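Worksheet: one structure, shown below.
All values derive from a computational prediction rather than experimental measurement. Index from 1, following the sequence. First listed ligand is number 1; within each ligand, the first listed atom is number 1.
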Amino acid sequence: MKLFTCCLSLSVLCLTLLAVEVDAQEQGDQSGFISIDCGIPGNSNYTDKVTGINYVSDSEFTDAGESKTILPIHRSSSLDQQFLTLRSFPQGTRNCYTLKPAQGPGNRYLIRAQFMYGNYDSKGVLPKFDLYLGVEKWDTISFNKTTSEELSEIIHVPTSEYIHVCLVNTGLGTPFISSLELRYFNNSRYTAEFGSLQLFARLDFGETFGNYRFKDDIYDRKWNSIKYINSTLVYNFETWTYIGGNKVPYKVMTTAIAPDNSSNPLKLPWTPANASDQFLIYMYFSEVQTLQPNQTREFDIYLDGKPWSRRPVTPYNRSTVTVYSDALEKPAASHELVIQKTKRSTLPPILNAFELFTVKKFLQFQTDDQDTASMMDIKSVYKVQKGNWQGDPCATRAYAWNGIGCIYNVSDKPRITSLNLSASGLNGKIAPSISNLTMLRSLDLSDNNLSGDIPDFLSQLTLLRILNLKGNNFTGSVPSSLLSKSKSGLLLLSLDSSQEGGDTNRCLSSSCKKSTNKSTILIAVSIASVLVLILIAVIIILWMRSYKMRQAYIKDDSLETKKRQFTYSEIISITNNFEKIVGKGGFGTVYHGYVDDTQVAVKMLSATSVQGYKEFQTEAKLLMSIHHKNLTTLVGYCNEENKLGIIYEYIANGDLEGHLSGRNPYVLSWEQRILIAIDAAEGFEYLHHGCKPPIIHRDVKSTNILLTENFRGKLADFGLSRVIPFEGGSHVTTVVAGTPGYLDPEYYRSNRLTEKSDVYSFGIVLMEIITGRPAIGTSNDRGHIVEWVKSRLEEGDVEIIVDSRIRENVDMNSVWRTVEIALACVSTASDDRPTMDFVVSQLKESLSNDLCRSETRKKELVGVQSLNLESEVSGPQPR
Ligand SMILES: *[C@@H]1O[C@H](CO)[C@@H](O)[C@H](O)[C@H]1NC(C)=O
Ligand SMILES: *[C@@H]1O[C@H](CO)[C@@H](O)[C@H](O)[C@H]1NC(C)=O
Ligand SMILES: *[C@@H]1O[C@H](CO)[C@@H](O)[C@H](O)[C@H]1NC(C)=O
Ligand SMILES: *[C@@H]1O[C@H](CO)[C@@H](O)[C@H](O)[C@H]1NC(C)=O
Ligand SMILES: *[C@@H]1O[C@H](CO)[C@@H](O)[C@H](O)[C@H]1NC(C)=O
Ligand SMILES: *[C@@H]1O[C@H](CO)[C@@H](O)[C@H](O)[C@H]1NC(C)=O
Ligand SMILES: *[C@@H]1O[C@H](CO)[C@@H](O)[C@H](O)[C@H]1NC(C)=O
Ligand SMILES: *[C@@H]1O[C@H](CO)[C@@H](O)[C@H](O)[C@H]1NC(C)=O
Ligand SMILES: *[C@@H]1O[C@H](CO)[C@@H](O)[C@H](O)[C@H]1NC(C)=O
Ligand SMILES: *[C@@H]1O[C@H](CO)[C@@H](O)[C@H](O)[C@H]1NC(C)=O
């Protein structure tokens, strides 16, 4: 074996010239081939008489479509057997073949789909449809006549184990396919650097021997033999002992064209389908004549009028010289290659073979391989008939499989987060492959005919938060691991009412009654009744309080510290005679002002409102004794006869509710929202655990979270706050107070106030932050936010609950985490709610997820402050 390598440097590009490449693939070896003849009977196979290629039926690769045969009149004797049958897809918009090549992802494959209409449907109308590779469009297939043989071919390096070839109906006729071939293409000469290479032309110049493919071409490239205008055929009949270059078959290389008139150049013009297409060119040369000592053949190559080969090319005897682009050619409306002999050349230029590729970039990720494998298994085990369960499960949003929800990341493969197989006619046991859907958050298997045990592996799905198993025929007990997760609030577990009793005394299926949606109804009823009662209660409380307050008066000793006391006349000068109102609360008006050069907010109790005295007193007292970066700072107070005022630091960006409701046009990003939630949660954590005795805010709501200049959160309005005396244990019994929509139902029922009441209200705030909806829906969309969120989640998709203004720019992992925290906070039983320090740590993790993602997207959404957080994220918080 002879090795022959040299390099031609060209002015525009460096072109490599080489002769021989040693390859492991042997002639006649079909081990890297998948050859599908579409439409032949299931499980049949045959060996093609001309090529010797073994074709198999397509039944293993698709479960859609109908098998069809072209009309006999179009069966010419020269027609390839693969065109006789086809598969057509009258049902559904998108139907797919799924291939799983043994060599796996990261390798080069040649993928070729062929089509011939042959009036198989006797309609005589030529269809037009799209061809997809994975989740992105590859080509549009159309026909000039009934017997046109159309071909799409691509050299592609998949990033997933599964290669999906899909036919998409675009409303211009029923898609069909005649054959689908995949060849493991271990040939590094075809660069994958710029993207996938879509075949534009592959020409064998000279007409002597006809078209070549396998076994002449070990890769089964199809060489199109053509006669070229204004050229003569030159050839030799010598049989080569080795194959050079890109292993172009020697039969292809033994013929060439030369210009008619030997002093003319050879011209190859072509017009791209799209002027913005970028080409890669491969040209193959080999000497086909025996040269005399006084003869030379040497030529230059020009592309679009500019020199393309920097040095002259000389074809070699008995070997192939390949001249090819090593960078994308400049796009143009039309192109022309000109091969011109040099001055010293005595012979005209020749050209043996030629390939043109356009570069196609497939940038979108396919679904994670393990998730895909699980879905393929679920599909085949249950024989799911869901219409669009074709190709990639998450695909693009438009073609995602019915019943699944996915996280789409910019920089990573989509993952499946929810699976809704409710009422899908599933029989048998719960498929073990579900345990491989490791990112699953929500699983709905309700109303099927599933039987057997409820498997323990469901509890190993660590992220699973919603599990609905109602309306099935399970036997045995519910795994205790699932029950304990459910009890600890980590899992919303829905079982038939008869199964809810516990792990020991579960009835057998035969005696189980048909399930009713008991728990959902309970939630709905309790929330509705709670809301009505809360409203009544609040009215009564307010009335009672104002009655009491009318008799109340403020003693000076209640505000012990006199240092920060201001006179009323000082207040007038601070506020410039109450010039600028920045807010109005229930008990008074808030004015803007300056103490020295510092901006302040001054809350004045309105003269007519006596019921606020106690709140004022509480707040001033409390703020004087506590201090934290996430609580509004007290600057001072005024207590002069009937003039009562509190002076706080001025917080520039108003309250959180204003930003969520849209009253304030600035839209908070997801990162900003989570940072604000962390700030607030840290404020509450300080009140609950940092203060001795602990303090309960009692009026946690989005209007009481203020936003600084940098959109960081600070808690405000401590008017209703209560100190829990040590002797009283962890709770205090009080008259119920708070704001409708945020009020802890347990506190409402029992009058027992604990820190968990704040946790409940904070859960409502978190839901507002996620959804951008108010705690209680307005006008046409009434209902409590908890109810709203839970019912949407039961539909399986977390994305739809996210505030539509930011939905496109959130990391769904971070959303899921935050939703989980919120759901845990609003647990009906206060024991099931987390403490604030846990909430803080969880929110920080949710943020760190999101920061990682933002970093990969090279976005600086969060800014310096939040990045500081990263160091705090790991490890427990110092107490
Ligand atoms: C082809 O079909 C025969 C039976 O008709 C079977 O034994 C053989 O395994 C099949 N080959 C392939 C590659 O499917
Ligand atoms: C269809 O026919 C026209 C004219 O005969 C020709 O220019 C065009 O290239 C053909 N298209 C295809 C896809 O063969
Ligand atoms: C692919 O080709 C290279 C040489 O080009 C060879 O070393 C390698 O073993 C081949 N891989 C396979 C799987 O045939
Ligand atoms: C072929 O030659 C004729 C006459 O020399 C010329 O007009 C025509 O453009 C040539 N065609 C091509 C494709 O070069
Ligand atoms: C070949 O081309 C040259 C220059 O274009 C011309 O002078 C000559 O007559 C041509 N010869 C023939 C045989 O056409
Ligand atoms: C040509 O390609 C560009 C970029 O790929 C695309 O935006 C445009 O729609 C294409 N035009 C046609 C006519 O297909
Ligand atoms: C090359 O040499 C041959 C004889 O070997 C002669 O007939 C021919 O004219 C020569 N050609 C040139 C261009 O000198
Ligand atoms: C081409 O190969 C033949 C046969 O081996 C040899 O006789 C001849 O000299 C070679 N020609 C050139 C230009 O290398
Ligand atoms: C889960 O996936 C692994 C590899 O990804 C595979 O080996 C295993 O068989 C799968 N388990 C099930 C139950 O499908
Ligand atoms: C439930 O399963 C039992 C056996 O496990 C069977 O006898 C019964 O018919 C099943 N019920 C339904 C509704 O399928």
Side-chain angles (χ1 to χ4, degrees), residues 100 102 104-105 128-133 136-142 152 154 159-162 168 170 172 194-198 200 229-232 257-267 270-280 299 328-335 338-343 345-349 357-364 366-382 384 393 413 415-416 419 421 426 428-440 443 445 450 452-464:
K100 197 178 175 216
K128 182 173 175 178
F129 50 88
D130 284 348
L131 186 65
Y132 274 60
L133 182 60
E136 289 172 272
K137 192 174 150 186
W138 164 11
D139 210 351
T140 296
I141 307 298
S142 63
S152 274
I154 199 157
T159 53
S160 294
E161 284 180 22
Y162 296 92
V168 174
T170 52
L172 300 170
F194 311 108
S196 301
L197 305 185
Q198 177 155 9
F200 184 84
I229 266 176
N230 296 0
S231 70
T232 50
I257 48 164
D260 268 345
N261 179 338
S262 64
S263 53
N264 285 349
L266 258 180
K267 290 183 178 176
W270 76 93
T271 311
N274 184 331
S276 64
D277 283 348
Q278 292 182 293
F279 281 90
L280 289 176
F299 42 84
L328 295 171
E329 306 300 349
K330 278 209 184 78
S334 67
H335 295 281
V338 172
I339 311 174
Q340 175 117 46
K341 76 181 179 81
T342 60
K343 284 206 181 88
S345 179
T346 60
L347 294 169
F357 297 97
T358 56
V359 170
K360 198 147 203 121
K361 289 193 168 73
F362 292 90
L363 299 174
Q364 288 188 38
Q366 284 182 208
T367 309
D368 172 77
D369 279 331
Q370 188 173 304
D371 282 0
T372 305
S374 300
M375 290 311 298
M376 296 281 176
D377 182 70
I378 290 164
K379 181 181 170 182
S380 76
V381 165
Y382 294 122
V384 179
K413 297 180 175 183
R415 298 296 309 264
I416 295 171
L419 176 58
L421 286 172
L426 311 189
K429 297 189 169 186
I430 294 184
S433 48
I434 286 179
S435 67
N436 264 357
L437 294 170
T438 52
M439 292 292 279
L440 210 57
L443 176 62
L445 297 172
L450 292 168
D453 287 337
I454 296 173
D456 195 42
F457 63 67
L458 291 176
S459 64
Q460 285 152 24
L461 290 168
T462 51
L463 299 175
L464 194 67

For ligand 5, does Asn264 get within less than 4.0 Å through its side chain, its backbone, both, or neither, judged by non-hydrogen atoms?
side chain
Can you report which non-hydrogen protein atom sits closest to atom 8 (C) of ligand 5, along with the distance?
Asn261 ND2, 3.6 Å
Report, in ascending order of atom number, the atoms of ligand 9 lying under 4.0 Å from any heavy atom of Ser433.
13 (C), 14 (O)
With heavy-atom distances below 4.5 Å as the criterion, would you say the side chains of Thr140 and Lys128 are in contact?
yes
Is there a side-chain contact between Met375 and Ile416, using heavy atoms and a 4.5 Å cut-off?
yes
If we ignore hydrogens and angles and just use 3.5 Å, is the side chain of Tyr382 paired with the main-chain N or O of Ala431 as donor and acceptor?
yes
What atoms of ligand 5 come within less than 4.0 Å of a heavy atom belonging to Ser263?
1 (C), 2 (O), 3 (C)
Protein heavy-atom partner closest to atom 11 (N) of ligand 6 - residue, atom, separation in Å:
Asn274 ND2, 2.8 Å
Please could you name the atoms of ligand 9 that Pro432 approaches to less than 4.0 Å, counting only its heavy atoms?
13 (C)
Do Ile378 and Leu426 have side chains that get closer than 4.5 Å, going by heavy atoms?
no
Protein heavy atom under 4.0 Å of atom 14 (O) of ligand 5:
yes
Among protein heavy atoms, which lies nearest atom 12 (C) of ligand 9, and at what distance?
Asn436 ND2, 3.5 Å
Any side-chain donor near an acceptor of the partner, Ser152 and Asp139, under 3.5 Å
yes
Looking at Glu136, is its backbone amide N or carbonyl O close enough to the side chain of Gln364 to form a donor-acceptor pair, meaning the two atoms are under 3.5 Å apart?
no
Which protein heavy atom lies closest to atom 4 (C) of ligand 9, and at what distance to 0.1 Å?
Gln370 OE1, 4.2 Å
So, do Asp369 and Lys413 sit near enough that their side-chain heavy atoms are less than 4.5 Å apart?
yes
Relative to the heavy atoms of Ser276, which atoms of ligand 6 are at a distance of less than 4.0 Å?
1 (C), 2 (O), 3 (C), 4 (C), 5 (O)
With side chains defined as the heavy atoms from C-beta onward, is the minimum distance between Gln366 and Thr159 less than 4.5 Å?
no
Does the protein put a heavy atom under 4.0 Å from atom 2 (O) of ligand 9?
yes
